[in-house]
Structures are given as C-alpha cells and as structure tokens.
Amino acid sequence: MRFGIMTLDDFDVGGKTVLCRVDINQPINREKGTLRDTTRIKGCVPTVRELSDKGARVVLLAHQGSDIEYHNFFSTRPHAAVLSDFLARPVKFIDDVCGPAAREAISRLSDGEILLLDNVRYLGEEQTLFELNLGLSHEEQSKTLLVQTLAPLADLYVCDAFAAAHRNQPSLCGFEQLLPSAMGRLFEREYCEVSKLMEAPARPCLFILGGAKISDTFMMMETVLKNGTADAILTGGLVANVMLAATQKPVGSGSLALIRKSGHEKFLEAAETLCKNYPDKIVLPLDLAGSRNGLRIDYALSEVPEDLEALDIGQKTAEMYAGRIRDVATVFLNGPMGVFEQEETSLGTRTVMEALGNSKAYTVVGGGDSITALKRFDQTDRISYICTGGGALIRFLTGEELPVVKALRTAAERGLD
Ligand code: 3PG
C-alpha cells in the first residue's frame with residue numbers, strides 16, 4: 001500500500017480476471033483515424049506485462065477522445081495492435097464494451113491473455129456522468145450498466161490511468177465500489193513523482209498553459225495563482241485567444257469563430273476576471289500568427305486583421321516567453337502554443353519547447369499533445385519529468401484530491417475493515 005492506495009504488490013493475481021483501466025487516449029488524425037503518438041500506450045506496458053506474466057486474465061478498458069473535448073469518438077482497435085507490438089505478445093480486441101460479445105470474449109480468456117475492449121465512451125453513461133454535467137457519487141456510478149455488467153466477471157480492478165484521474169466517470173470511479181482495487185505501476189510512479197514536485201517547487205515557478213482542451217485549465221488557474229503554486233502563467237493556444245478576446249484585444253473573427261465552435265465562450269467571463277485580478281501574473285501574447293496560402297504571417301496585436309484565425313503565438317511573444325523560461329527555477333507546461341503540426345504555425349511551440357530543453361530549471365511537461373510536440377522538436381530527453389497526464393496533472397497541482405485517487409483510497413479503507 002502507498003499513499004493509502006493498494007498496489008499490485010498487495011494482490012495475488014494468478015488465474016484472476018483483472019479489469020484494468022488504462023489511459024491510452026492519444027492525439028489522433030481525425031480524418032484518417034490514425035494515432036499521431038503512442039507514448040501513453042507505451043506507458044501502460046509495465047502494468048499490463050506484469051499482470052499477464054503473473055497469469056492474470058487481463059481485460060483492458062480505455063477511452064479515445066478527440067483533439068477538442070468530447071465531440072469525436074474513435075475505436076481503440078488501433079491501440080490494441082500498438083500495445084501488442086510493445087508487449088511482443090498478442091492483445092485481443094473486441095468491438096464491444098460490455099455487451100454479450102465483450103462478456104463472451106472475457107469468459108474465453110486464459111491465464112496470461114490480454115483483451116482490450118472498445119472505447120468506453122461509446123457508452124452514453126461514461127460521458128453524461130462527466131463531472132461538469134451530472135456529478136453522480138461514486139456509489140451511484142457503481143450502478144451504471146458498465147460497472148454492473150463487468151464487475152461480476154472480475155476479481156480485481158486496477159487503475160493505471162493517472163492521465164484520466166481527474167475524470168469522475170464509471171470506468172474510473174465506479175468499479176472501486178464493488179471490487180478490491182489497486183493502482184497500476186504507471187499510476188503509482190506518476191502519483192509519486194507529481195506529489196514530490198508539489199511538496200516544494202523551487203521558486204520562481206512558472207506555468208505555461210496552452211492547447212485546445214482548455215476546460216481543465218480554466219478550472220485551475222485561479223486556484224494556483226491564489227494559493228501561490230504559480231508565480232506567473234504564460235498563455236498560448238486557445239487559452240491565450242480566449243484571454244485576449246475576454247479583455248477586448250483584437251484576435252480576428254476566425255479566432256472568435258473557433259472559440260464559439262469549440263464551446264469555449266463560457267470561459268470569457270472567467271478569463272476577464274482572472275486578467276483583472278492578476279494583471280501582473282497572467283501573461284498574454286504581444287503578437288499572433290496566422291497562415292495564408294501555407295505561409296506564416298505575424299501580426300502585432302494593433303495590426304490584427306479583422307478576419308484572422310490565430311494559429312500560433314507570434315514570434316516576439318515566443319522570444320519573450322523563452323526569456324521568461326530562462327529566469328525561473330520550475331516550469332510546468334501543459335498544451336502547445338499553437339497548431340505545431342503545420343510547419344508555418346509551429347514556431348511558437350518549437351521556441352518554447354527548445355527553451356524548456358535548454359533551461360536549467362526543473363521542467364515538467366504533461367499531456368498528449370505536449371508530448372507529441374516535444375518529440376517533434378527533439379526535446380523529449382531534455383525535460384526533467386514528462387507526465388502522461390495533462391488535465392490530470394494541472395488539476396492535481398491545484399491541490400484537490402483527484403476523483404480516482406479518492407475512489408482507490410475508499411476501496412483500500414474498505415478492504416482494511
Ligand atoms: C486526457 O487526455 O486528459 C485524458 O485522457 C482524459 O481525456 P479527456 O480530457 O478526453 O477526458
């Protein structure tokens with residue numbers, strides 16, 4: 001037991017059916033449905049291998065989301081093939097989550113075999129119970145179809161999905177109510193690392209927040225500024241565009257349309273308040289960049305054209321951010337500065353990632369897209385700690401107990417009764 005949570009050392013799994021929730025949610029090419037990175041799949045290998053080596057019948061549950069929040073859903077079939085390559089052993093896949101086909105496939109597993117079920121978010125309950133919408137208790141989550149159907153088939157639940165530990169959903173928090181439960185090896189390692197970090201980050205501590213998945217970011221900014229975890233926040237990506245728009249700075253109608261399309265208008269008010277309350281701590285871009293016919297164009301804020309869709313922070317901003325990174329002792333980064341996949345709008349993310357790589361500070365980078373960007377700009381080996389969790393890491397940094405941690409602790413306490 002560590003941190004009040006059972007680990008794999010506490011259970012004999014040989015011959016047992018183990019439901020193991022992993023987070024192999026990867027950046028995806030939305031048109032082709034192909035994976036743009038495989039880091040998280042690699043991350044769960046130690047746990048899956050250990051369970052399989054010890055003779056468990058391993059049933060993997062996972063989700064695959066979209067780049068922008070919850071609008072697109074993809075099968076986990078390609079993930080099974082990648083995991084199988086990493087493990088150098090077969091990983092079965094069934095295109096069902098908890099229906100008769102999935103249950104049949106589970107019942108046919110032999111000791112040591114591994115089965116990946118399809119995307120758990122194909123189930124409406126997995127999404128509609130998302131904490132922002134419904135907020136069911138963990139006990140209520142244990143009454144969902146997924147948990148009620150699969151728990152009776154299993155002996156143990158293992159959660160290795162640290163990257164999704166901030167999500168309050170049945171596949172993550174429901175099984176702990178009914179089954180003995182443990183964290184997997186990746187969860188254990190990441191939880192341990194980020195806990196150490198939080199104890200006393202060296203000062204000054206800079207946060208760099210960007211990307212397109214910004215709900216978690218807006219849930220934590222106020223907290224980390226108020227409790228002093230962050231000494232300053234540099235903004236990029238959609239976070240910056242929302243901040244600029246909220247403070248009446250010109251960002252262009254294309255940027256505003258994207259904010260509306262992605263449902264992020266709801267953050268404008270909070271963004272305005274944050275900028276008003278922390279004018280010296282929240283740093284906004286000085287310039288922005290767009291793309292015209294495949295060419296990059298940088299605009300000072302005073303020159304932003306009416307129809308701009310900002311796809312990157314501008315060059316001056318990137319240089320200013322690189323300078324800020326040189327002056328601090330700890331940096332947390334979550335989310336790229338722009339659309340780094342396109343060459344002409346990659347400069348902001350590249351400059352910031354290279355500055356992190358060159359920095360003497362303790363540098364922490366979290367989240368799927370950020371990891372992909374680090375790889376693209378060859379900085380992976382130059383970062384102090386890379387966390388598979390983006391949203392989970394930033395929510396952890398607010399000091400709140402993550403829902404999955406709470407569920408696992410409750411299961412451990414119940415086991416001790
Ligand atoms: C993440 O990428 O942050 C986790 O996999 C959770 O995914 P979600 O943001 O789609 O819930």
Side-chain angles (χ1 to χ4, degrees), residues 2 5-11 13-14 16-28 34-65 74-94 105-106 109-120 154 156-165 171-172 181-194 365-372 374-375 380-381 383 385-390 392-393 404 408:
R2 286 182 88 186
I5 299 173
M6 299 291 196
T7 74
L8 294 188
D9 297 325
D10 296 305
F11 295 95
V13 297
K16 305 273 170 57
T17 300
V18 178
L19 293 178
C20 178
R21 175 62 158 100
V22 289
D23 188 341
I24 49 177
N25 179 26
Q26 295 285 187
I28 201 155
T34 49
L35 304 179
R36 292 199 285 113
D37 184 48
T38 54
T39 304
R40 283 183 174 167
I41 304 180
K42 197 172 189 180
C44 72
V45 164
T47 298
V48 179
R49 179 175 284 135
E50 181 174 340
L51 289 170
S52 167
D53 282 349
K54 288 179 171 168
R57 301 162 182 217
V58 189
V59 181
L60 300 173
L61 298 114
H63 76 282
Q64 174 60 57
F74 299 91
S75 172
T76 53
R77 185 189 290 274
H79 308 62
V82 175
L83 182 59
S84 171
D85 284 347
F86 280 135
L87 286 163
R89 68 186 71 173
V91 174
K92 297 181 173 181
F93 171 79
I94 183 82
I106 293 171
L109 282 178
S110 305
D111 294 356
E113 282 193 327
I114 304 159
L115 168 72
L116 174 62
L117 303 176
D118 216 334
N119 190 344
V120 287
L156 176 68
Y157 172 77
V158 171
C159 188
D160 208 25
F162 181 76
S171 72
L172 290 152
S181 301
M183 59 183 164
R185 296 301 184 199
L186 176 66
F187 197 113
E188 191 177 341
R189 184 162 62 82
E190 301 221 282
Y191 191 65
C192 182
E193 279 297 332
V194 298
V365 173
D369 285 322
S370 312
I371 293 172
T372 309
L374 276 179
K375 277 193 183 161
T380 308
D381 298 336
I383 301 301
Y385 183 65
I386 297 173
C387 180
T388 61
L393 174 65
V404 177
L408 288 168

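T39 is linked by a side chain to side chain contact (heavy atoms under 4.5 Å, CB included) to D37, I371, K375, counting only residues two or more places apart in sequence or in another chain.
Distance CD1/I114 to CZ/R49: 9.0 Å, rounded to 0.5 Å. Here the CZ atom belonging to R21 is positioned 14.0 Å from the OG atom belonging to S181, to the nearest 0.5 angstrom. In this structure, CD1 on I24 lies 8.0 Å from CD on Q64, to the nearest 0.5 angstrom.
Counting only heavy atoms from C-beta outward, the side chains of T34 and P78 never approach each other to under 4.5 Å. In this structure, the side chains of Y385 and V365 stay at 4.5 Å or more apart for every pair of heavy atoms. Side-chain contact check for F187 versus T7: every heavy-atom pair is 4.5 Å or farther apart. With contacts defined as side-chain heavy-atom distances shorter than 4.5 Å, the pair V404/F162 does not qualify. For the pair L186 and P46, the minimum side-chain heavy-atom distance is 4.5 Å or more. At a threshold of 4.5 Å between non-hydrogen side-chain atoms, the residues L109 and T17 do not count as touching. Considering only heavy atoms from C-beta on, F86 comes within 4.5 Å of I41 through its side chain. Contact check for L172 versus C159: side-chain heavy atoms found under the 4.5 Å cut-off.
For the side-chain contact (heavy atoms from CB on, under 4.5 Å) with L117, the lone residue among L60, L19, T76, I94 that qualifies is I94.
Between the side chains of T388 and E190, a donor-acceptor pair is found at a separation under 3.5 Å. With hydrogens and angles left out, the side-chain atoms of H79 and Q26 include no donor and acceptor closer than 3.5 Å. With 3.5 Å as the limit, one finds a donor-acceptor pair spanning the side chains of H63 and N25. Between the side chains of S75 and N119, no donor N or O sits under 3.5 Å from an acceptor N or O.
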What's the verdict on side chain to side chain contact (heavy atoms under 4.5 Å, CB included) for L61 and V22, showing C-alpha distance, side-chain angles and the deciding distance?
CA-CA 6 Å; L61 298 114; V22 289; over 6 Å; no

Candidate pair T47 and C20, rule side chain to side chain contact (heavy atoms under 4.5 Å, CB included), full reasoning
CA-CA 9 Å; T47 298; C20 178; 4.2 Å; yes

Check the pair K16, D111 against salt bridge (charged side-chain N to carboxylate O under 4.0 Å, His left out), reporting the backbone distance first and the verdict last.
CA-CA 8 Å; K16 305 273 170 57; D111 294 356; over 6 Å; no

Mind running side chain to side chain contact (heavy atoms under 4.5 Å, CB included) on D118 and F93 for me, showing each step along the way?
CA-CA 7 Å; D118 216 334; F93 171 79; 3.5 Å; yes

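A donor-acceptor pair under 3.5 Å is absent between the side-chain atoms of R40 and the main chain of D23, judged by distance alone. A distance-only check finds a donor-acceptor pair linking the side chain of Y157 to the backbone of S171 [under 3.5 Å].
Between R185 and D160 no salt bridge is recorded (no basic side-chain N to carboxylate O distance below 4.0 Å). Between D9 and R2, none of the side-chain N atoms (NZ, or NE/NH1/NH2) sits under 4.0 Å from a carboxylate O, so this pair counts as no salt bridge. Residues K54 and E50 are paired through a salt bridge, judged by an N-O separation under 4.0 Å between the basic side chain and the carboxylate.
Nearest heavy atoms, A392 versus A164: CB-N, 4.5 Å. Of all the heavy atoms in P27 and T372, the pair that sits closest is CG-OG1, 3.3 Å. For the residue pair L408 and A182, the shortest heavy atom distance occurs at CD2-O, 3.8 Å. Here the closest non-hydrogen pair linking V91 and A80 is CB-O, 3.7 Å.
Residue pairs meeting the side chain to side chain donor-acceptor pair (under 3.5 Å) criterion with at least one partner in residues 80-94, sequence neighbours excluded, are S52-R89, D53-R89, K92-E113.
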